[in-house]
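Each remark here refers to the structure printed beneath this line.
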Amino acid sequence: MKIGVFVGSFDPFTVGHDSIVTRSLGLFDRLVIGVVGDQVHKPGMASAEERMKAIAQLYADEPRIEVKPYYGLAVEFAQEQGAHYIIKGVRSVKDFEYEREQADINRQISGIETILLFAEPQYASVSSSVVRELQHFGRDVSEFLPKKVKSEE
């Protein structure tokens with residue numbers, strides 16, 4: 001069974017994240033979405049439980065997807081899940097360089113490969129940070145969130 005993990009803080013989980021998940025399903029028998037636990041906290045960040053619940057609701061009808069919290073290194077989480085692959089989304093050259101360096105180290109310390117999926121053009125500028133900032137200023141961000149994930153306004 002090919003198992004992949006897709007990890008992140010997902011605060012919030014955007015249409016870009018959804019695109020990566022949907023495209024990953026064609027590559028894996030099982031996909032575990034690892035949500036960074038509450039040990040990482042940014043101002044205004046939703047709890048890990050809230051973020052996990054929103055993502056799980058989005059994929060409730062997809063039995064190949066499981067949503068779990070993770071703490072520590074992504075490679076350790078991947079190993080715990082029996083995965084040999086970590087999936088990461090890449091929006092820009094800056095993202096690519098960062099993810100490439102992480103992928104090299106992760107492979108060195110664990111043997112786990114990283115698969116980089118490039119953002120679809122319409123999502124290349126969508127980030128959780130931008131969505132949070134727009135929310136902060138009272139803007140409607142529904143176009144940046146998957147249909148079943150509701151904005152917390």
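Since the structure is predicted, the reported quantities are computational estimates derived from the model, not experimental observations.
- Between Phe77 and Val32 there is a side-chain heavy-atom pair separated by less than 4.5 Å.
- Of all non-hydrogen atoms in Tyr70 and Gly72, the two that sit nearest each other are CE1-O, 3.5 Å.
- How far CG of Leu31 is from OH of Tyr59: 8.5 Å, rounded to the nearest 0.5 Å.
- Across every non-hydrogen atom of Ser128 and Pro12, the tightest pair is OG-O, 2.7 Å.
- For the pair Ile112/Gln79, a side-chain contact is recorded, criterion being any heavy-atom separation below 4.5 Å from C-beta on.
- Among pairs with a residue in residues 12-22, none fulfils salt bridge (Lys or Arg N to Asp or Glu O under 4.0 Å), at least two apart in sequence or across chains.
- Atoms CD1 and NZ, from Ile33 and Lys68 in turn, are 12.5 Å apart once rounded to the nearest 0.5 Å.
- Summarising the geometry, atom CD belonging to Gln122 is positioned 12.0 Å from atom CD belonging to Glu143; distances are rounded to the nearest 0.5 Å.
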Table please: side-chain donor-acceptor pairs of residues 82-94 below 3.5 Å, with sequence neighbours left out.
from	atom 1	to	atom 2	distance (Å)
Arg91	NE	Asp95	OD2	3.2
Ser92	OG	Lys94	N	3.4
Ser92	OG	Asp95	N	3.2

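- In this view, Thr14 and His17 satisfy the side chain to side chain donor-acceptor pair (under 3.5 Å) rule, not counting sequence neighbours.
- Within the 3.5 Å criterion, the main-chain N or O of Asp11 finds a donor-acceptor partner in the side chain of Arg132.
- Taking Glu113 as the reference, Arg107 meet the salt bridge (charged side-chain N to carboxylate O under 4.0 Å, His left out) condition, with sequence neighbours excluded.
- In this structure, Pro146 and Phe13 approach most closely via the heavy-atom pair CD-O, 3.3 Å.
- In this view, Glu120 satisfies the salt bridge (charged side-chain N to carboxylate O under 4.0 Å, His left out) rule with no residue, not counting sequence neighbours.
- To the nearest 0.5 angstrom, Ser127 atom OG is 9.5 Å from Phe144 atom CZ.
- Smallest separation of non-hydrogen atoms from Val75 and Ser110: CG1-OG, 3.5 Å.
- Val130 has its side chain out of reach of Ser125: every pair of non-hydrogen atoms, C-beta onward, lies at least 4.5 Å apart.
- Legend: residues meeting salt bridge (charged side-chain N to carboxylate O under 4.0 Å, His left out) with Arg100, ordered by chain and number and at least two apart, are Glu97, Asp104.
- A donor-acceptor contact shorter than 3.5 Å links the side chain of Arg51 to the backbone of Val36.
- Tyr98 and Phe10 are assigned to two separate hydrophobic clusters, defined by single-linkage of ILVMFWY side chains at heavy-atom distances under 4.5 Å.
- The local environment of CD in Glu62 is crowded, with over 12 non-hydrogen atoms from other residues, nucleotides or ligands closer than 6.0 Å.
- Note that CZ of Phe6 and CZ of Phe28 are 11.5 Å apart. Values are rounded to the nearest 0.5 Å.
- Phe118 and Val15 are not part of a single hydrophobic cluster, where members link through side-chain heavy atoms under 4.5 Å apart.
- Within the model, atoms CZ of Phe96 and CG of Leu116 stand 6.5 Å from one another, a figure rounded to the nearest 0.5 Å.
- A pairwise comparison of heavy atoms in Ala119 and Ala124 identifies CB-CA, 4.1 Å as the closest pair.
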